Amino acid sequence: SPGTFIPIAEETGQIVEIGDLVLRKACIDMKKWIDMGIMSGRVAVNLSARQFNLPDLTQRIDKILKETGLSPNNLELEITEGTVMDNPQQAINVMHQLRDRGIQLALDDFGTGNNNVQIVQRVSPDYLKVDKEFIRGIESNEVKKKLLMTLSDIGTMSDCKIIQEGVETIEQQEILCKLGYRFQQ
């Protein structure tokens, strides 16, 4: 499972090569689907912490986009909140460079770590992806409802779309709609 495989790849450093291969393949496939008229929009690709901290990350992404012919507007990169918090200033600089290219950004697993609203304000990611742990048991947990309402407000104030991961029932979806969650991916 990814829960076992990814930490080993991170530890050994192989995640960088794997990440480049995954990004390239996703861009190739997306470009093909756009050219065939099968789909439009964006392909979302997770970046590992090790990838995100590479000094030549933006050049690597530029090269892959050029090789594949995919427009940066058709790419969304997902970066975990924890990765951003490791070195906030560097993360902000890199995220600005990526956004300046037209690449959409999603702050993944938002709310699970030492979430820093200041990071959201300074980077203004396109999406905040709230971790699925917030949805489990929401039907009977008033504290979780209040936390989710606060996260929704943060997104609204920051002009970010909020994506709640892990919604599995109509009841959960209805609760989220009442709390202000409107965006669906």
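Only a predicted model underlies this, so the values are computations on that prediction, with no experimental measurement involved.
Taking 4.0 Å as the cut-off between side-chain N and carboxylate O, D29 and K25 count as a salt-bridged pair. Note on D126 versus K161: no salt bridge recorded, every NZ/NE/NH1/NH2 to OD/OE distance being 4.0 Å or above. Taking a cutoff of 4.0 Å between a charged side-chain nitrogen and a carboxylate oxygen, K31 and D35 qualify as a salt bridge. Ion pairing between R42 and E76 holds under the 4.0 Å rule for side-chain N and carboxylate O.
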Please lay out, stage by stage, how V94 and N53 fare under the test side chain to side chain contact (heavy atoms under 4.5 Å, CB included). CA-CA 9 Å; V94 170; N53 290 315; over 6 Å; no
Applying side chain to side chain contact (heavy atoms under 4.5 Å, CB included), run through F52 and L77 and close with a yes or a no. CA-CA 10 Å; F52 186 76; L77 296 175; over 6 Å; no
Would L128 and C160 count as a side chain to side chain contact (heavy atoms under 4.5 Å, CB included) if you check the C-alpha gap in whole Å, the side-chain angles of each, and the deciding distance to 0.1 Å? CA-CA 7 Å; L128 292 178; C160 299; 4.2 Å; yes
Walk me through whether K129 and Q164 qualify under side chain to side chain contact (heavy atoms under 4.5 Å, CB included). CA-CA 6 Å; K129 297 183 80 176; Q164 174 59 59; over 6 Å; no
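Using a 3.5 Å distance cut-off with no hydrogens or angles, the side chains of E171 and T169 do not pair a donor with an acceptor. Using modelled atom types and a 3.5 Å distance limit, the side chains of Q97 and N93 yield no donor-acceptor pair.
Put simply, the side chain of Q51 gets close to the backbone of S48: a donor and an acceptor are under 3.5 Å apart. One N or O on the side chain of N141 and one on the backbone of K144 form a donor-acceptor pair closer than 3.5 Å.
I28 is not connected to I103 by any chain of hydrophobic side-chain contacts under 4.5 Å among Ile, Leu, Val, Met, Phe, Trp and Tyr, and they are in different clusters. Linking ILVMFWY residues whenever their side-chain heavy atoms come closer than 4.5 Å, directly or via other members, leaves L21 and V16 in distinct clusters. Put simply, I8 and I15 are part of two different groups of oily side chains (I, L, V, M, F, W, Y) that touch within less than 4.5 Å, one to the next. Tracing side-chain contacts under 4.5 Å through hydrophobic residues (I, L, V, M, F, W, Y), one reaches V22 starting from F5; they form part of the same cluster.
Closest heavy-atom contact between G41 and N74: O-ND2, 2.6 Å. When all heavy atoms of Q172 and E168 are compared, the closest pair comes out as OE1-N, 2.7 Å. Closest approach of K132 and G166 over heavy atoms only: CB-CA, 3.8 Å.
Contact annotation: the side chain of I162 never approaches that of L148 to less than 4.5 Å [non-hydrogen atoms, C-beta and beyond]. Looking only at side-chain heavy atoms (C-beta outward), N46 and I79 stay at 4.5 Å or farther from each other. Side-chain contact between E174 and I170 is present, with at least one heavy-atom pair separated by less than 4.5 Å. The closest side-chain heavy-atom distance from L47 to E78 is not below 4.5 Å. Side-chain contact between K145 and I175 is present, with heavy atoms from C-beta onward closer than 4.5 Å. Between I34 and L70 the shortest side-chain heavy-atom distance falls below 4.5 Å. I135 places none of its side-chain heavy atoms less than 4.5 Å from the side chain of V130. For the pair C27/M30, no side-chain contact is recorded, criterion being any heavy-atom separation below 4.5 Å from C-beta on.
Expressed to the nearest 0.5 Å, how far CZ of R50 lies from CD1 of I18 amounts to 11.0 Å. From I61, atom CD1 reaches atom CG of L98 across 5.0 Å, with rounding to the nearest 0.5 Å. To the nearest 0.5 angstrom, L65 atom CG is 14.0 Å from R60 atom CZ. Q90 CD to L57 CG: the interatomic distance, rounded to the nearest 0.5 Å, is 9.5 Å. Between atom CG of residue L54 and atom CD of residue Q59 there is a gap of 10.0 Å, rounded to the nearest 0.5 Å. Atom NZ of K32 is separated from atom CE of M39 by 13.0 Å, given to the nearest 0.5 angstrom.
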